[in-house]
Enquirer: 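Sharing a structure below in structure tokens format, with a few things to ask.
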Amino acid sequence: MTRYWLTRETLLASAILALILLIASRFPGFVAPANLANVFNDTAPLIILALGQMVVILTRCIDLSVAANLALTGMAVAMINVALPGLPIPIIVAIAIAMGAVMGAINGLLVWKLAIPPIVVTLGTMTIFRGIIFLISDGKWVNSHEMSPAFTGFPRAEFLGLPVLSWSAIATVVIFAIMMSRTPLGRSIFAVGGNPHAAVYTGIDVGRTQFLAFTISGALAGLTGYLWVARYAVAYVDIAGGFELEVVAACVIGGISIAGGIGSVGGAVLGAIFLGVVKNALPVVNISPFWQLAISGSAILIAVAFNARAGRQKGRIILKSAEKPTGATP
Amino acid sequence: MTEASVQSRHVPDRLNSRAHRILRSWEALLLAVAIAIFIVNSFASPYFLNAWNLSDATFNFTEKAMIAFAMALLIISGEIDLSVASIIALASTAMGFALQYGAGTPELVVIGLTVGLLCGAFNAFFVTILGLPSIVVTIGTMSLFRGISFIILGDDAYRGYPASFSWFGQGYIYWVFTVEMLLFVIIAVIYGVVLHKTNFGRAVYAIGNNPTGALFSGIRVQRVKFILFLLTGLMSGIAAVCLTSRLGSTRPSIATGMELEVVTMVVLGGVNILGGSGSIPGIVIAAFVMGLVTFGLGLLNVPGIVMSIFIGLLLIGVIALPRLWAMAAARRAK
Amino acid sequence: QDNVRIALVVKALGIGFFEAAAEGAEEAAAELGNVEIIYTGPTDTTAEGQIEVINALIAQQVDAIAISANDTDALVPALKRAMQRGITVISWDSGVASEGRQLHLNPSSNSLIGNMIIKLAADHLPQGGDVAVLSATTTSTNQNTWIEEMNKVMGDYPGIEVVATVYGDDLADKSYREATGLMQSYPDLDAIIAPTSVGIVAAAQAVVDAGKVGQVNVTGLGLPSEMAGAIGSGASQSFAIWNPIDLGYSATMLAYELSQNGVKASPGAEIPMGRMGSLTLDDKNEGAMADPFVYDASNIEQFKSIF
Amino acid sequence: MTTQIAPNAPVVSMDMITKTFPGVKALDAVKLDLYPGQVTALVGENGAGKSTTVKILTGIYHPDAGTVRIDGKPTVFSNPNDAVDAGITAIHQETVLFDELSVAENIYIGHAPRTRLGLIDIAQMHRSASTLLDEIGAPFSSRTPLRDLGIANKHLVAIARALSIDARVVIMDEPTAALSHKEIEELYALVETLKSQGKAILFISHKFDEIFRIADRYTVFRDGTFVGDGMIAQIDEDALVRMMVGRAVDHIFPQRDPVVGENVLQVVGYAHLTEFADIGFTLKRGEILGFYGLVGAGRSEFMQALFGITKPSKGVTKINHQIRVIRSPADAVKNGIVYVPEDRGKQGAIIGLPIFQNITLPSLARTSRNGFLKLAEEFKLARAYAERLDLRAASLDQDVGNLSGGNQQKVVIAKWLATQPQVIILDEPTKGIDIGSKAAVHAFMAELAAQGLSIIMVSSEIPEVIGMSDRVIVMRDGRIAAELAGVDLTPETLVRHAAGIVTATESALA
Ligand SMILES: Nc1ncnc2c1ncn2[C@@H]1O[C@H](COP(=O)(O)OP(=O)(O)OP(=O)(O)O)[C@@H](O)[C@H]1O
Ligand SMILES: Nc1ncnc2c1ncn2[C@@H]1O[C@H](COP(=O)(O)OP(=O)(O)OP(=O)(O)O)[C@@H](O)[C@H]1O
Ligand SMILES: [Mg+2]
Ligand SMILES: [Mg+2]
């Protein structure tokens, strides 16, 4: 949209590129296309969830329940698969998305209708969703041999050389790129976060937009729930424990402002990829995996400090000489 | 103006009596909940009403509550610190590290508290000097602090703390009263006084209600916030001493997930997560409520995760129910 | 006369291995007659979670606690308090430091397991080769001990080299990722040894997904019911495990003996454990239940429906 | 001019509209009719309910009672989109735009052109936006991010947005407040075009010359009630003002003696990167120094810099001839400079805290001992100043949020007087205050000055500026445009310097 976005994203992209090149200089195997595809595939769930989280953060909310939502949906579809092994995968996917969306909608309703702060709502639903998994599963695992081959096979089925899991992420990115830039909903999401007061004047219902954002985030968490459980071929209470923070971290690194209104699809995707590359590179470069936590923590701090600097308001523009020179109307 | 001053009327100091204000408060509601839980628990399990058991139960909340007091002030001022559990990990790791070089109990305590303070200062630097949002900064330091523990300790553990060190987390002052309980009471009183009886506490409320207005009123907003982050770090350091002493060992995964329980306690205690209101008595009662719920359910051997459903419902319920009630009342009035 | 209440505390609820152990405990309880089993544990594998559970058990004044620990040291103070209040404490499967329990029941002797896991890998690598270890968490006592024991006997297997040890934290996704990482970092890897039932399944899945069935053999310790698929696909040639039902049964029996029959745990003591014979304690008050048992294509069908 | 068209039936007619906010009856059974091809001026003092009327007509607020008729049919707007669908568009008083979106997106948010797939047609949107911007003579591209524009240009975007909706009714709530002379002329031309297209226009302005120049009809509100309406041609300025204020305006500003005190405050070379430059002046003991300028001239920004808030800014402050470094409001207060901000809700009062705590906030050091609060002292101090300012409140323990705007203002002033300052800066001290309290505030200012307090008064109201100030500094685009006193201090000179017209003849020649 503006040169600012470009700089922020190009910078992150260059950082990722530099990182990859650095690794490649010592371990050329890392940049083999097959391995890069692997890294991407591994990062796909994070990309999908980060996009959902981005929408929520843009509307000045936060969704801490995504990982719990993912786990609950994953467990539910796994149990459905065990009970009804013949159920076709498209129906399973539809159930997962719908379940996730319903959970997201519950968050959204509490925020919209009862005006409870999002962080409180999703902190609460996070623990509730996790607890429900325990209740429905009785704490038991659903293991790979109990799942049908079609169920576990779908995300890894290859199509044009990439597994369906990767394609799901690509499709989500494309849909989001279009939604955020070319649909009224996308623009309202930016507007609501950027200036909720003004949004009301333009006929945008702030609460409703936040509700939709939570629902979208929930639906994506549901989808990821199925993909996750099918890919790792196991479902249990704790899957993706703490993943919500990684998702938020991806958004923050990608330059999504926690204060709402500022961010881009490209940023969120790059933020997720950055974390994915770091995570996959550590074992390869022989850095103890114990470094990973500290590295992603530092990345978050550097990213916010950098983004805040780039976006810092220099004050109101009153002096005529300070107004940005702008091109004449074409 | 002269005529105006002639007409000027007497404005009373207060309208409602103290008793009236206390009875209608959140704390009163919460206290009722706590008492109800206490009664239900005593009927549900024959083991509940036992001094030693109740004493053991306090370990479920004392360390969290120590942090919760400082966190309450931070949240009232409109900020948050999600890195507290990681500060515990780093402080504990530092103590264990010092232990390898022969540090004794006093040195260990000093190191734990100092690391806590340093971590608090680190957070405060990003939030107050660079002006970054605290939720993001502390999500970052949450990974960073614990990450450093992992780098130092890897898959190892520090053990062999001196016997005198175990006093903090395992010692008793008198009969069933533990050292941690004493610390809890002292810290509660100090924070109660600071928040409710000092100029500093007043500034915290003013900042939380309207940071711009507070700044325009001559309050040194950033300085107050800096101190609040320091205090939160210090409390995490104290909690690290207690927890390390109680466990008798340090691993980098210590206190995982505790930050969310602390925040839950603070919100349950009636602190507005958006800042501006809340009280220390509220936190004290909320600590007991959470301790009683988990202990009561534990006695019935209910798995921890099912307890967390109760806590989650409590968290949303205590905020949602009054609002639903008000909405229903408004509808009926129409 | 009240029932004797024995608490079987596990690392986390919901893990197949421990569910099977609970079955064995119930079997022992039925045999003993007046025993009530409290099967409990935290929902994630943390020491703090286990401490809260232990506190609740102390409060209920159970007669005995038999625990598989998430942390060797951190549980000691809590368990010490339990013993002070007159509760019998033993550890099984994953141990507690000696001052925190009366005895420890190893499923098998650590040296036997250490030898077994490397032998399983070596048996299929007559020419030698590179193997990697995928362990559970960095803090898991028993995995660490087994790996130590394994390293001691490496001299007996010339040509076999352990190129890396990674940790999957007993999380399926992390283990999977670590296994994938191993295959990328060591393209010539011949075997992955996963001495943990979560890791071995994830590693087998990773091998299948990487298309390396036949090149990389996954072995270690796993449950037949969970590993049936991996044996079927060929990702795993063989693996070993002791019988968790027997383990739960023995732990219960031992706890009962100590708490009700006045048996004292001291070095050299022989303590009866029902149908499993008796346990001989070493100088650290530890004892081994039995040899691990090897499962492969020939017997997996028979066992996969049992545990 | 097309004023000759016979007034046919009104397009929009509001009848018996009532709207209550907690504690304020903003509108009480008012009526308003808008006719096609005519400009109706809505006049009334601050707080008369003009903007509230606009918000009801655009579906932002819902009236408590009364009917809005469109073409005679009663209509209910449940949200702003309904109003747009009914053909009503508005330029609101406050800029309601989005800094993070481009100019074109701001213009079209909510009604962007779509492609066949239902997606926003970006190319088409920019084409239409450019055409619109050309029409109103906006000197920037439709692709510019809004945040890069200054206030006047933002206002042009708001105007373009209103015009982008093909409406039958166009509402303009003080559209010229932030515009330059040239831009205002362009706006007038635009209004003529809209009229000739048969659109009904509601024009809200405080400037009488403007009203008499472009309006055909007028409607007057006072304190939320309807006072009267009619044709502009049949009324003169004095009569209109009388209707507006409810009495002849002979608001007598307090009589004051000329100032003879020594210099208290001296400001030299204050500057900021984007907000202001080259500000310097002196202030004497007991003097009232007026600051006049158009909205957005940077007066508040400068005052906030002086008060230690805006950073980084450079400049030297001398108090009683000694250089003082003021890096924060706390420093300013310590040095006896205090600031009563314009934005009362956000910067002035601390909503959520009781009155007495608001008043004692900057004086806590005096009411406490060793940092511990002493409530009795606080109440004593608060009561002293509350009574001195004749605060109307139920109790000192009441939340300031429940007070009326005027009483909130008194709390803020009380808060500062309690610190016993040397210099008090009042930013729009009577904005949103009813006419009765206004006189009281003016009298009080005179009293303070007579007691030796030096006052800087920022005001956009010409009578207030002229009536109260000993001297006036006019600001334009962040710089001092003129310093006026004595005979030079006339409405004409103020307006000319504020708008940047150097002399009347020069502008006529240009
Ligand atoms: N959202 C609101 N909440 C409470 N009171 C309000 C609100 N909006 C307006 N008011 C009050 O309603 C009255 C009318 O305000 P309104 O903005 O309509 O005045 P106005 O005539 O537009 O004044 P101005 O000329 O200053 O723009 C004022 O007393 C104002 O304080
Ligand atoms: N660049 C800008 N972008 C958006 N809004 C602006 C801008 N500049 C000014 N405004 C708006 O105009 C109003 C007054 O602006 P400002 O305070 O800068 O002017 P001022 O010279 O102090 O005049 P006044 O005191 O009359 O408001 C404010 O309500 C503000 O929201
Ligand atoms: Mg108005
Ligand atoms: Mg201003």
Side-chain angles (χ1 to χ4, degrees), chain A residues 1-6 58 175 177-209 255-257 259-264 311-330, chain D residues 55 58-60 79-84 90 92 94-102 105 108-112 114-115 117-122 126-127 130-131 133-134 138-145 147-151 153 161 272-277 296-298 301 310 477-479:
Chain A
M1 201 162 52
T2 77
R3 282 155 298 168
Y4 278 5
W5 297 135
L6 264 181
L58 281 176
I175 291 172
I178 294 172
M179 182 183 89
M180 294 314 287
S181 66
R182 304 289 299 272
T183 68
L185 176 64
R187 302 327 287 168
S188 331
I189 285 170
F190 277 108
V192 161
N195 189 346
H197 174 69
V200 174
Y201 281 74
T202 45
I204 298 168
D205 186 333
V206 174
R208 193 170 153 273
T209 310
I256 318 290
S257 161
I262 305 177
S264 69
R312 178 143 308 166
Q313 280 282 321
K314 287 278 187 315
R316 241 179 224 169
I317 298 158
I318 293 174
L319 291 170
K320 275 274 184 278
S321 54
E323 202 159 335
K324 280 245 163 75
T326 51
T329 322
Chain D
K55 288 174 192 167
T58 48
I60 294 159
N79 62 51
N81 296 326
D82 288 356
V84 169
H92 289 281
E94 54 267 64
T95 36
V96 285
L97 298 169
F98 306 96
D99 271 347
E100 293 306 319
L101 304 184
S102 71
E105 283 175 320
Y108 281 105
I109 191 159
H111 57 276
R114 309 280 194 88
T115 63
L117 292 173
L119 299 177
I120 294 173
D121 187 341
I122 292 180
H126 280 287
R127 268 198 303 278
S130 299
T131 318
L133 292 172
D134 276 346
F140 48 85
S141 142
S142 66
R143 294 181 190 272
T144 316
R147 84 178 94 85
D148 289 350
L149 298 182
I151 173 106
N153 283 338
R161 171 169 172 80
H272 179 273
L273 211 57
T274 60
E275 295 179 343
F276 49 83
E301 280 72 15
T310 311
D477 296 338
R479 290 167 197 275

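Below, read A as the first sequence line, B as the second, and so on, with proteins coming before strands; counting in each chain starts at 1.
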Enquirer: Please find the pair of heavy atoms, one from D:Pro80 and one from A:Tyr201, that lie closest to each other, and give the distance.
Expert: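 So the minimum-distance heavy-atom pair works out to CB-O, 3.9 Å.
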Enquirer: Look up atom OG1 in D:Thr115 and atom CZ in A:Arg182, then write down how far apart they are to the nearest 0.5 Å.
Expert: 6.0 Å
Enquirer: Counting only non-hydrogen atoms closer than 4.5 Å, does D:Arg127 touch chain A with its backbone (N, CA, C, O), its side chain (CB onward), both, or neither?
Expert: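 No part of D:Arg127 comes within 4.5 Å of chain A.
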Enquirer: Report the option among A:Gly193, A:Ala199, A:Ala191, A:Gly194 that has the most heavy-atom pairs separated by less than 4.5 Å from atoms of chain D.
Expert: A:Ala191
Enquirer: If only atom types and distance count, is the side chain of A:Asn195 paired as donor or acceptor with the main-chain N or O of D:Leu97 below 3.5 Å?
Expert: yes
Enquirer: So which of D:Val84, D:Ile109, D:Leu119 has the largest heavy-atom pair count under 4.5 angstrom toward chain A?
Expert: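 Result: the option with the highest number of such pairs is D:Leu119.
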Enquirer: Quick one: OG on A:Ser264 to CD on D:Glu100, what's the gap to the nearest 0.5 Å?
Expert: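 Between atom OG of A:Ser264 and atom CD of D:Glu100 there are 11.5 Å.
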Enquirer: Does any backbone or side-chain atom of D:Ala112 lie under 4.5 Å from a heavy atom of chain A? Answer side chain, backbone, both or neither.
Expert: neither
Enquirer: Under 4.5 Å from any heavy atom of chain A, what part of D:Asp121 do you find: side chain, backbone, both or neither?
Expert: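 Only the backbone of D:Asp121 comes within 4.5 Å of chain A.
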Enquirer: Starting at CZ of D:Arg147, measure out to CD1 of A:Ile262 and round the result to the nearest 0.5 Å.
Expert: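 Rounded to the nearest 0.5 Å, the CZ-CD1 separation comes out at 7.0 Å.
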Enquirer: Report the distance from atom CD1 of A:Ile178 to atom CD1 of D:Ile120, rounding to the nearest 0.5 Å.
Expert: 12.0 Å
Enquirer: What's the shortest heavy-atom distance between D:Asn81 and A:Gly203, and which atoms?
Expert: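 That would be ND2-O, 3.3 Å.
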Enquirer: Do you know the tightest heavy-atom contact between A:Ala198 and D:Val96?
Expert: CB-C, 3.4 Å
